[in-house]
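What follows is a short report on a single structure.
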Amino acid sequence: MSRTSLARRVDRLEQSDVFTGPQFLLNRLETALNGAALRIAGKLFRAAPRDQVVQNRIIDDVGERFIRNLSDPELDVLEAELTQMGRSQGAGSKTKTRKARALAVEVLSVESEPLAEW
């Protein structure tokens with residue numbers, strides 16, 4: 001494969017929404033949650049203690065390291081997906097619904113960086 005052909009494919013891939021789609025963002029969020037849980041509790045997010053203090057520290061860490069680095073369109077996509085997940089969960093999975101809502105609240109509470117005044 002020539003370099004120009006490869007460069008053209010990379011350009012098309014970058015212009016597509018494949019890296020900002022909901023599934024990709026949810027995978028990145030899950031990775032961020034697991035990373036924060038490992039740093040704080042020494043376990044993956046699903047196995048982390050359900051202690052409110054630990055959960056808050058994990059969510060705060062995800063907010064600082066992951067959520068704040070997302071662009072506005074990525075935040076919009078992630079917010080919509082988490083909100084949809086919260087609505088679509090059945091009564092049998094209240095824990096997942098609470099997690100999705102907590103993450104949606106975290107996404108909503110992130111403020112944009114102030115613009116520098118020139």
Side-chain angles (χ1 to χ4, degrees):
M1 179 180 295
S2 71
R3 285 186 176 187
T4 55
S5 175
L6 183 60
R8 228 179 336 208
R9 286 182 180 198
V10 169
D11 285 340
R12 277 192 234 137
L13 187 58
E14 287 175 345
Q15 291 172 1
S16 73
D17 289 335
V18 74
F19 293 118
T20 60
Q23 201 57 40
F24 182 74
L25 288 172
L26 288 175
N27 288 342
R28 287 176 50 201
L29 176 62
E30 183 178 6
T31 301
L33 282 168
N34 284 330
L38 282 170
R39 280 189 296 280
I40 293 166
K43 298 179 180 180
L44 292 177
F45 184 69
R46 290 179 188 216
R50 297 295 171 217
D51 178 19
Q52 190 63 36
V53 174
V54 173
Q55 293 290 316
N56 287 342
R57 288 183 59 204
I58 292 170
I59 296 297
D60 290 343
D61 188 79
V62 169
E64 287 294 319
R65 294 176 185 253
F66 175 71
I67 304 264
R68 291 197 188 277
N69 295 326
L70 294 177
S71 67
D72 287 340
E74 288 174 324
L75 280 173
D76 292 341
V77 168
L78 188 59
E79 175 189 344
E81 188 64 23
L82 290 172
T83 303
Q84 182 62 31
M85 282 174 56
R87 286 187 200 136
S88 66
Q89 297 295 326
S93 57
K94 290 180 181 178
T95 305
K96 286 184 182 179
T97 302
R98 275 189 252 131
K99 286 181 194 174
R101 285 187 183 149
L103 291 172
V105 167
E106 180 66 28
V107 169
L108 289 169
S109 68
V110 173
E111 296 180 11
S112 299
E113 294 289 322
L115 297 175
E117 294 183 25
W118 298 95

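Without hydrogens or angle criteria, Glu74 side chain to Ile67 main chain gives no donor-acceptor distance under 3.5 Å.
Minimum heavy-atom separation, Asn34 to Phe45: OD1-N, 3.0 Å.
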query: Between Leu25 and Glu81, is a side chain to side chain contact (heavy atoms under 4.5 Å, CB included) present by the stated rule, with each step listed?
result: CA-CA 9 Å; Leu25 288 172; Glu81 188 64 23; over 6 Å; no

- request: For side chain to side chain contact (heavy atoms under 4.5 Å, CB included), just list the numbers for Ile59 and Val62, CA-CA rounded to whole Å, side-chain angles, deciding distance to a tenth of an Å, and then say yes or no.
  value: CA-CA 5 Å; Ile59 296 297; Val62 169; 5.6 Å; no

- request: Just do the side chain to side chain contact (heavy atoms under 4.5 Å, CB included) check on Arg39 and Arg57 with the steps written out, would you?
  value: CA-CA 10 Å; Arg39 280 189 296 280; Arg57 288 183 59 204; over 6 Å; no

field: Leu70 vs Arg28, side chain to side chain contact (heavy atoms under 4.5 Å, CB included): CA-CA, chis, key distance, verdict
entry: CA-CA 11 Å; Leu70 294 177; Arg28 287 176 50 201; 3.4 Å; yes

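Asp60 CG to Gln55 CD: the interatomic distance, rounded to the nearest 0.5 Å, is 11.5 Å.
Partner of Leu33 under the side-chain contact (heavy atoms from CB on, under 4.5 Å) criterion, out of Leu44, Asp61, Ile58: Ile58 alone.
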